[in-house]
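Here the structure is laid out as C-alpha cells; the discussion comes afterwards.
All heavy atoms count here, side chains included; hydrogens, waters and symmetry mates do not. If you're wondering where the values come from, they're calculated on a predicted model, not measured in any experiment.
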Amino acid sequence: MGIRFVLFVNKQGQTRLAQYYEHLSIDERRALEGEIVRKCLARTDQQCSFVEHRNYKVVYRRYASLFFLVGVDNDENELAILEFIHLFVETMDRHFGNVCELDIMFHLEKVHFMLEEMVMNGCIVETSKQNILAPIQLMEKSS
C-alpha cells in the first residue's frame, strides 16, 4: 500500500492535519499520534529523519514551526517519502505564498484537497504542482 498516514504537527505537539489511509479507531489514532509525535519532537536536528514505530516506518521533516510526518510500510523508500514531503510543502508555498501554520489552520479544506490530489489510497498518484493546484484554482475562480 505505501503511505499509511500523514500528520502535520506544530512544535507544541498539536496536530494540525491528520489523514489516514487505513482504518484505525479514534482511540488508536489518538494513541498512535501521541506516541509518534513525542518520539519525533524529542529528536535532535543531528539525528536522521526516519523512525521505526510499531509496524510503521515514520519519515518526518521540519519546516519552520511545523513537523510533517508520514507513516509508511517498512519496505517503502525513505528518500522518496522525504521528496514527497518537500513537494507537498512546495505546492502549498506556491498556492499560499510562504506557507505557515495559520494558512493550514484557516484553509484546512484546501490542504486536504491538495493531499487528496497527490495521494490516493496510500499511493502517490500526482507529483505535478500545476496539476495538483489546477482544481483548487478553478474552484476559487468560480466562487
> What do the steps show when you test E76 against K57 for salt bridge (charged side-chain N to carboxylate O under 4.0 Å, His left out), and what is the final call?
Replying inline: CA-CA 8 Å; E76 195 69 37; K57 190 183 303 179; over 6 Å; no
> Taking the inter-plane angle between the rings of Y20 and F5 on a 0 to 90° scale, is it parallel (under 30°), tilted (30 to 60°) or perpendicular (over 60°)?
Replying inline: tilted
> Do other residues, nucleotides or ligands put more than 12 heavy atoms under 6.0 Å from Q47 CD?
Replying inline: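 Yes, enclosed.
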> Do other residues, nucleotides or ligands put more than 12 heavy atoms under 6.0 Å from the CE atom of M139?
Replying inline: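 Atom CE in M139 is packed in, count exceeds 12.
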>> Taking the ring centre of each residue, are F50 and Y60 less than 6.0 Å apart?
In response: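 Centroid distance F50-Y60: not below 6.0 Å, so no.
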>> Please report whether the ring centroid of F88 lies less than 6.0 Å from that of F8.
In response: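 F8 vs F88: aromatic centres under 6.0 Å.
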[X] side chain to [Y] backbone, donor-acceptor under 3.5 Å:
| X | Y | result |
| --- | --- | --- |
| E33 | R30 | no |
| D93 | N98 | no |
| R94 | F96 | no |
| E126 | S128 | yes |

> In this structure, which one of L82, I3, V58 forms a side-chain contact (heavy atoms from CB on, under 4.5 Å) with V70?
Replying inline: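 Going through the options one by one, the only one that passes is I3.
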>> Against V9, only a single residue in I36, L66, L69, L17 fulfils side-chain contact (heavy atoms from CB on, under 4.5 Å); can you say which?
In response: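 Only one option passes, and that is L69.
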>> Looking only at the side chains, is there a donor atom on one of H112 and E116 sitting less than 3.5 Å from an acceptor on the other?
In response: no
> Is D73 salt-bridged to R4, going by a charged N under 4.0 Å from an acidic O?
Replying inline: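 Salt bridge present between D73 and R4.
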>> Checking H95 against E140 for the side-chain hydrogen bond (donor to acceptor under 3.5 Å, both in side chains) test, could you report, in this order, the C-alpha distance in whole Å, the side-chain angles of both residues, the deciding distance, and whether it holds?
In response: CA-CA 11 Å; H95 183 72; E140 287 178 344; 3.2 Å; yes
>> Using every non-hydrogen atom in the two residues, find where L24 and Y56 come nearest and quote the distance to one decimal.
In response: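 That would be CD1-OH, 4.1 Å.
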